[in-house]
Amino acid sequence: MTTQQAPGVHLTEPPSEAPPMRRTPARTACLAAAVLLTALAGAPGPAAARDLPDTYVVARTPGVLPEGIAITKDGTMYVSSDGTGALYRGRVGRPDLTPFPARGLQDRPSSLGVHTDRRGRVLSVGGATLTVHDRRGRLLATRTATDGPLGAPHLNDLAVTDDAVYVTDWANPVVHRAWIQADGTLGPLEPWLDVRSAFPRFPARYWLLNGIVADAAGTTLLVASNGTEAVWRIDTADKGIARLDLGEQSFGADGMVLHGRTLYAVLNYGAPHGVYIARLDEELRTGTVTHRLTDEAFTLPTTLARHGCRLYVVNSQLNEPPGRPPYTVSAVADPTCGTA
């Protein structure tokens, strides 16, 4: 997510001399400069609801740099801060968010992925920790990931299923997992899958795992890798891993949302910045990109959430930290809404 486009990485050969890894900003360290925004889309989608804001102000304090987002069924919005580690909360019907009083985050300078579970708890990751808060901000659990094959973890995003939380590691080619017990308690956060087996010749330090989503049954994960510029399909039962075939030379997504067989992905490297939408087959092995939304309102988007017939896209400003307040989320119509 930076200022000049780096050459694409082909899945058949590792780069002869991979670019140096930069750790700031966290989810976009490998990206080289802003790609020109272009307006390219499929058929126009339904108009945004007239009684809802088009722009949401996360914060007006310098240095916040929003990164992750989650929206519950009742329209409660949570946004994480890469710049400070704080969480913010709001409603889809109101244009302004306020700090969420999440305790226990004082020692975590950056929060990236944020999601909620069916119990209404707020789960977020940053650094080496996964935290769980209730709706009032009480800290219910903290789980710390162990070092991976390349060293200290840098947790990036998470997917929550009925029985587990899966977490990507930006610094290691590893997906971590914490079991969810019958009473809702989280088990330890442990290394679950080293993804290098899917592409052994690719340099381990450049996998750069990013967004992660799970199907409704919790049997299939889709994991984005900036380094390989691909999305990888993982079977949670046997850990089988294979590249998701989207008919593209590269598809290095950042944050993603999976709704049924529709995959929504934010791209900010190797392609015009924006939201790309793909229709997948029943087994989530292949698909076709059907829409590209490269709206000029996006300011280095990192991820998105879907609620109703709208997509909520985080404007990170991570290309020019600390950016300029206000830090915002943009809402756009989902062009697939109402289609089969």
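- The two residues G211 and M256 make their nearest non-hydrogen contact at O-CE, 3.6 Å.
- Checking side-chain atoms of R103 against main-chain N and O of H133 turns up no donor-acceptor pair under 3.5 Å.
- For the atom pair CD1 (I241) and CG (D194), the distance works out to 9.0 Å, reported to the nearest 0.5 Å.
- Here the straight-line distance linking atom CG of L150 with atom CG of N172 works out to 5.0 Å at 0.5 Å rounding.
- Ring to ring, W192 and W179 are not that close: their centroids are 6.0 angstrom or more apart.
- Transitive grouping of hydrophobic side chains (ILVMFWY, heavy atoms separated by less than 4.5 Å) brings I212 and I234 into a common cluster.
- A salt bridge between D162 and R118 is present, with a side-chain N of the basic residue lying under 4.0 Å from a carboxylate O of the acidic one.
- Looking only at side-chain heavy atoms (C-beta outward), Y276 and V266 stay at 4.5 Å or farther from each other.
- Between F202 and G227, the closest heavy-atom pair is CZ-O, 3.4 Å.
- Taken together through direct or relayed side-chain contacts under 4.5 Å among Ile, Leu, Val, Met, Phe, Trp and Tyr, F199 and V175 form part of one hydrophobic cluster.
- Taking the charged nitrogens against the carboxylate oxygens, D215 and R233 have no contact shorter than 4.0 Å, which rules out a salt bridge.
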- Message: Set out, in order, the CA-CA distance, both residues' side-chain angles and the distance that settles side chain to side chain contact (heavy atoms under 4.5 Å, CB included) for L267 and H273, then state yes or no.
- Response: CA-CA 5 Å; L267 269 66; H273 299 180; over 6 Å; no
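- Side-chain contact annotation: N315 with T328, donor-acceptor N/O pair under 3.5 Å present.
- Side chains of L293 and P335 form a contact here, defined as non-hydrogen atoms less than 4.5 Å apart.
- A pairwise comparison of heavy atoms in R243 and W232 identifies N-CE3, 3.4 Å as the closest pair.
- Proximity of Y264 to D334: side-chain heavy atoms (C-beta onward) are separated by under 4.5 Å at one or more points.
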- Test side chain to side chain contact (heavy atoms under 4.5 Å, CB included) applied to T142 and L130, step by step: CA-CA 6 Å; T142 298; L130 161 66; over 6 Å; no
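- Closest heavy-atom contact between A145 and L189: CB-CD2, 3.9 Å.
- Side-chain polar atoms of Y78 and S124 form no donor-acceptor pair below 3.5 angstrom.
- In this structure, L258 CG and L284 CG are separated by 6.0 Å, a value rounded to the nearest 0.5 Å.
- Within the 3.5 Å criterion, the main-chain N or O of G63 finds a donor-acceptor partner in the side chain of Y327.
- By the 4.5 Å heavy-atom criterion applied to side chains, P66 and S81 are not counted as neighbours.
- Contact check on R119 versus D134 returns no salt bridge, with no Lys/Arg side-chain nitrogen under 4.0 Å from an Asp/Glu carboxylate oxygen.
- T288 contributes no side-chain N or O that, together with a main-chain N or O of T290, makes up a donor-acceptor pair within less than 3.5 Å.
- Distance check, rounded to the nearest 0.5 Å: CG of D235 to CG of L221 gives 8.5 Å.
- The side-chain heavy atoms of V275 and F298, taken from C-beta on, include a pair separated by under 4.5 Å.
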- Message: For T336 and I277: C-alpha separation, side-chain torsions, deciding distance, then whether side chain to side chain contact (heavy atoms under 4.5 Å, CB included) applies.
- Response: CA-CA 9 Å; T336 72; I277 304 174; 3.8 Å; yes
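- A donor-acceptor pair under 3.5 Å is formed between the side chain of R261 and the backbone N or O of L280.
- Following chains of ILVMFWY side-chain contacts shorter than 4.5 Å, one cannot reach V257 starting from V125, and the two form parts of different hydrophobic clusters.
- There is a side-chain donor-acceptor pair under 3.5 Å between H176 and D169.
- To the nearest 0.5 Å, atom CZ of residue R196 and atom CZ of residue R201 are 16.0 Å apart.
- In this structure a side-chain-to-backbone donor-acceptor pair under 3.5 Å is missing from T116 to T72.
- A donor-acceptor pair under 3.5 Å is absent between the side-chain atoms of S316 and the main chain of E67, judged by distance alone.
- With a 6.0 Å radius and a threshold of 12 heavy atoms from other residues, nucleotides or ligands, D238 has its CG atom above the threshold.
- Taking the charged nitrogens against the carboxylate oxygens, R285 and D245 have no contact shorter than 4.0 Å, which rules out a salt bridge.
- Not one N or O on the side chain of N226 forms a donor-acceptor pair closer than 3.5 Å with the backbone of L209.
- The minimum heavy-atom distance between A198 and W207, with the atom names listed, is CB-CH2, 4.4 Å.
- In this structure, S111 and R108 approach most closely via the heavy-atom pair OG-NH2, 3.0 Å.
- One hydrophobic cluster holds both V167 and L140 under the rule that ILVMFWY side chains link at heavy-atom gaps under 4.5 Å.
- Inter-residue side-chain proximity for L105 and L87 is flagged as met; some heavy-atom pair is nearer than 4.5 Å.
- T262 and R279 form a side-chain donor-acceptor contact under 3.5 Å, judged by distance and modelled atom types alone.
- The side-chain heavy atoms of P322 and P62, taken from C-beta on, include no pair separated by under 4.5 Å.
- A side-chain N or O of T76 and one of R91 form a donor-acceptor pair less than 3.5 Å apart.
- Note on F100: it does not cluster hydrophobically with M77, by side-chain heavy-atom contacts below 4.5 Å among ILVMFWY residues.
- Checked by atom type and distance alone, the side chain of N268 pairs as donor or acceptor with a backbone atom of P301 at under 3.5 Å.
- Checked by atom type and distance alone, the side chain of T303 never pairs as donor or acceptor with a backbone atom of G68 at under 3.5 Å.
- From Y206, atom OH reaches atom CD of E229 across 14.0 Å, with rounding to the nearest 0.5 Å.
- Between the S80 side chain and the L112 main chain, a donor and an acceptor come within less than 3.5 Å of each other.
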- Task: Test L318 against D82 for side chain to side chain contact (heavy atoms under 4.5 Å, CB included), laying out the working first.
- Result: CA-CA 9 Å; L318 285 169; D82 190 1; 3.5 Å; yes
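- Put simply, the side chain of D96 does not reach to within 4.5 Å of the side chain of Y56, judged on heavy atoms.
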